[in-house]
Every structure is written in C-alpha cells, then in structure tokens.
Amino acid sequence: MLAQDGVTGPIIGPRTAGQLDGSLRAQEITLDDTTLTRLEALFPPPAPNGAEPAPEAYAW
C-alpha cells in the first residue's frame with residue numbers, strides 16, 4: 001500500500017508497544033517492481049473515482 005499514492009492503511013488497535021513496533025517496521029519493506037506487478041494482477045485496483053467496484057474477491 002505504501003507504493004500507491006493516496007492509499008492509507010491505519011494501524012488499528014495495537015495493545016502493546018511491541019505490536020506497534022512490529023507494525024511500524026512494515027514501512028522499512030521495499031517491494032521490487034516484479035512483486036508489485038504480481039500483486040496488481042492478483043488484486044487489481046477499482047476504476048478511478050469509484051466508477052466500478054473492486055472485484056468481488058476482495059469481499060472475503
């Protein structure tokens with residue numbers, strides 16, 4: 001999500017400092033272009049401005 005402009009991912013409900021630290025370490029991860037392309041294929045974004053809904057596969 002850090003690779004997408006305008007996308008936010010709040011950290012909700014860490015109960016301990018250790019849980020918060022573990023979540024914050026995710027900011028240090030960098031995915032290469034091949035991995036990002038594969039993720040886009042698995043989870044395509046919805047159309048701009050919500051013109052089309054996200055794939056139903058997102059509704060686990």
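All heavy atoms count here, side chains included; hydrogens, waters and symmetry mates do not.
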Quick one: side-chain hydrogen bond (donor to acceptor under 3.5 Å, both in side chains) partners of Asp32, sequence neighbours excluded?
Thr35
side-chain hydrogen bond (donor to acceptor under 3.5 Å, both in side chains) partners of Thr37, counting only residues at least two apart:
none
Output all residues satisfying side-chain contact (heavy atoms from CB on, under 4.5 Å) with Arg15, sequence neighbours left out; order by chain, then residue number.
Gln19
Distance check, rounded to the nearest 0.5 Å: Leu20 atom CG versus Arg25 atom CZ?
10.5 Å
